[in-house]
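Remember, predicted model here, so these are calculated numbers, not experimental data. Protein chains get the first letters and strands the later ones, always in sequence-line order, with residue 1 at the start of each.
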Number of protein chains: 2
Amino acid sequence: MLKAERHKYIMTKLIEEQKVVTTDLALALDLSEDTIRRDLNELDSKKLLEKVYGGAIQVIEKAVDVFNIDISAEDEKIKIVTKALSLLRDGQVIIMSGGSTNLVFAKLIPSDLKATIYTYSLPIAMQLSQHPNIDLIFIGGKMQKNAMVTIGMDVIQVLSKIKADICFIGASSINVKQGLTEIGYEVSIVKKAMIESSDRVVSMFSSDKLNTKMPHVVCELSQLDTIVTDLDPEDLRLEEYRKSGVFVL
Amino acid sequence: MLKAERHKYIMTKLIEEQKVVTTDLALALDLSEDTIRRDLNELDSKKLLEKVYGGAIQVIEKAVDVFNIDISAEDEKIKIVTKALSLLRDGQVIIMSGGSTNLVFAKLIPSDLKATIYTYSLPIAMQLSQHPNIDLIFIGGKMQKNAMVTIGMDVIQVLSKIKADICFIGASSINVKQGLTEIGYEVSIVKKAMIESSDRVVSMFSSDKLNTKMPHVVCELSQLDTIVTDLDPEDLRLEEYRKSGVFVL
DNA sequence: TTTAATAATGCAAAATAATGCATTTTTAAC
DNA sequence: GTTAAAAATGCATTATTTTGCATTATTAAA
């Protein structure tokens with residue numbers, strides 16, 4: 001019996017019975033359980049079924065909901081952004097980049113804060129559109145699909161004409177030598193423009209981003225006014241950053 | 001019985017009866033209560049149910065989630081927009097307004113369609129950002145909070161520079177005499193600009209919008225090329241519209 | 001507070017899975 | 001056809017997961 005035949009048999013069986021059991025299949029096909037397991041793993045990796053302990057079940061295609069953004073390590077992020085809330089003042093003009101940390105931040109902005117926020121991130125704009133006292137301006141342009149942010153000249157142009165009091169920048173990577181770096185060129189350019197337009201630059205990120213680097217430089221450490229992490233500001237891992245003159249919150 | 005099966009059983013039971021009781025499940029499935037408890041805890045941590053003393057209950061819809069847009073009469077809207085899908089072609093430049101009917105439309109655009117879409121609606125942009133073959137351009141500007149669309153001069157300016165093959169306009173109200181009308185002045189202006197920039201104008205709406213009016217005129221009936229409703233194109237209620245030269249889909 | 005029910009924890013046995021390796025089968029090139 | 005490489009298979013070993021039980025802790029209600 002060919003492997004392909006076996007796979008077909010397994011898939012048929014799976015549809016008939018809603019599930020298959022490794023031991024049963026081994027018996028029915030007169031093969032070792034190892035082989036069956038290898039088959040099931042193979043079919044699983046092709047997403048034709050879902051391997052579970054003892055056998056496999058049908059794939060449940062969960063309707064991909066674009067609007068359901070799940071934030072990894074949300075608790076940690078809440079801890080970070082809560083510290084940054086103290087930087088907010090009524091009347092500020094604020095620029096916010098994308099990223100899930102900033103999204104958590106947007107969620108937690110007190111509802112009585114009166115401010116103007118510019119952003120080029122769809123999820124952040126969605127979130128802020130619920131805020132009663134924030135004037136929200138979305139910076140349009142070509143969408144970078146997966147990150148759900150706009151990029152390109154249109155964005156740079158708008159940013160270059162703004163004068164903001166403070167900007168909140170998500171970080172992909174940061175280290176003492178290169179400063180803030182990004183994986184994507186276009187995003188790095190946009191973030192540069194954000195920094196140019198802001199009196200004060202704040203970057204929030206979790207400590208696992210510390211001492212990592214990506215290909216495209218956004219800015220040197222000295223251009224950041226404040227960094228906010230999950231660590232205690234006195235933590236040793238932040239010492240070098242403190243020394244270089246950045247305020248650590 | 002596989003663990004995965006059991007979990008499925010528990011979830012089904014939970015939906016049927018609104019709750020499950022540990023002891024009952026142990027009896028029904030012929031397993032120790034410990035195992036059931038472990039199952040319930042596992043499902044709880046996946047947020048599929050809520051473990052309580054003695055069993056589990058359904059998860060309570062958590063606080064209004066911005067990202068959870070619920071579409072009223074979605075089935076009806078699916079019916080409408082499905083008809084409109086036939087108007088799409090590879091290579092088109094498309095403008096889409098906001099509105100839940102257009103959002104449903106965005107969801108159903110075939111994933112192999114290659115097109116460029118301009119929109120100024122956050123939810124629609126979120127939806128389209130998942131589409132693999134669409135170049136998406138968001139038209140930025142000041143956000144109108146509740147509707148989650150941008151409005152104002154910035155939007156008009158961008159629209160005035162586009163030349164689109166087709167635009168899809170949601171409708172608040174339509175009648176034979178005034179044509180398309182809107183409740184908000186700013187939105188009416190934006191829609192006017194959309195129409196100006198498009199070779200072909202399509203409006204999709206449910207039949208209860210027929211023969212109603214709002215304060216701000218968008219355009220006359222004659223400026224619409226196609227209207228798409230839930231009704232049969234031959235329906236008597238659409239007769240006057242057909243007579244006025246609009247193509248009814 | 002008391003009491004019975006329910007839950008958490010640690011542990012051991014059993015089932016299932018992963019891994020490395022030897023053997024066989026298949027494939028492809030000469 | 002021969003032959004070498006690649007793939008598939010089964011086995012032994014080791015690792016992981018699941019499960020039930022005993023024990024202890026917690027909870028809810030009288």
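Taking the side chain as every heavy atom from C-beta outward, A:L180 and A:L224 approach each other to under 4.5 Å.
Side-chain to base pairing of B:Y53 with C:dA7: no donor and acceptor N or O lie closer than 3.5 Å to each other.
In this pair, B:F168 and B:F105 present their aromatic rings tilted. The plane angle is within the 30 to 60° band.
Each end of the helix from C:dT1-D:dA30 to C:dC30-D:dG1 gets its own rotation axis from five pairs of C1' atoms, and the angle between them is 50° to the nearest 10 degrees.
A side-chain donor-acceptor contact under 3.5 Å links A:S203 to the backbone of A:I169.
A:V21 comes within contact range of no nucleotide atom at all, as no heavy-atom separation falls under 4.0 Å.
The side chain of B:L31 approaches D:dT19 more closely than any other nucleotide in the set D:dG10, D:dT19, D:dT18.
If A:R38 and A:T23 are placed on DNA chain C by their nearest nucleotide, the residue sitting closer to the 5' end is A:T23.
The ring of A:F138 has its center no closer than 6.0 angstrom to the ring center of A:Y120.
Here the closest heavy-atom approach between residue A:V176 and residue A:L221 is recorded as CA-CD2, 3.9 Å. The minimum heavy-atom distance linking A:L128 with A:I109 is given by the pair CD2-CD1, 3.9 Å.
Contact annotation: B:R37 side-chain N/O to D:dC21 OP1/OP2 distance is not under 4.0 Å.
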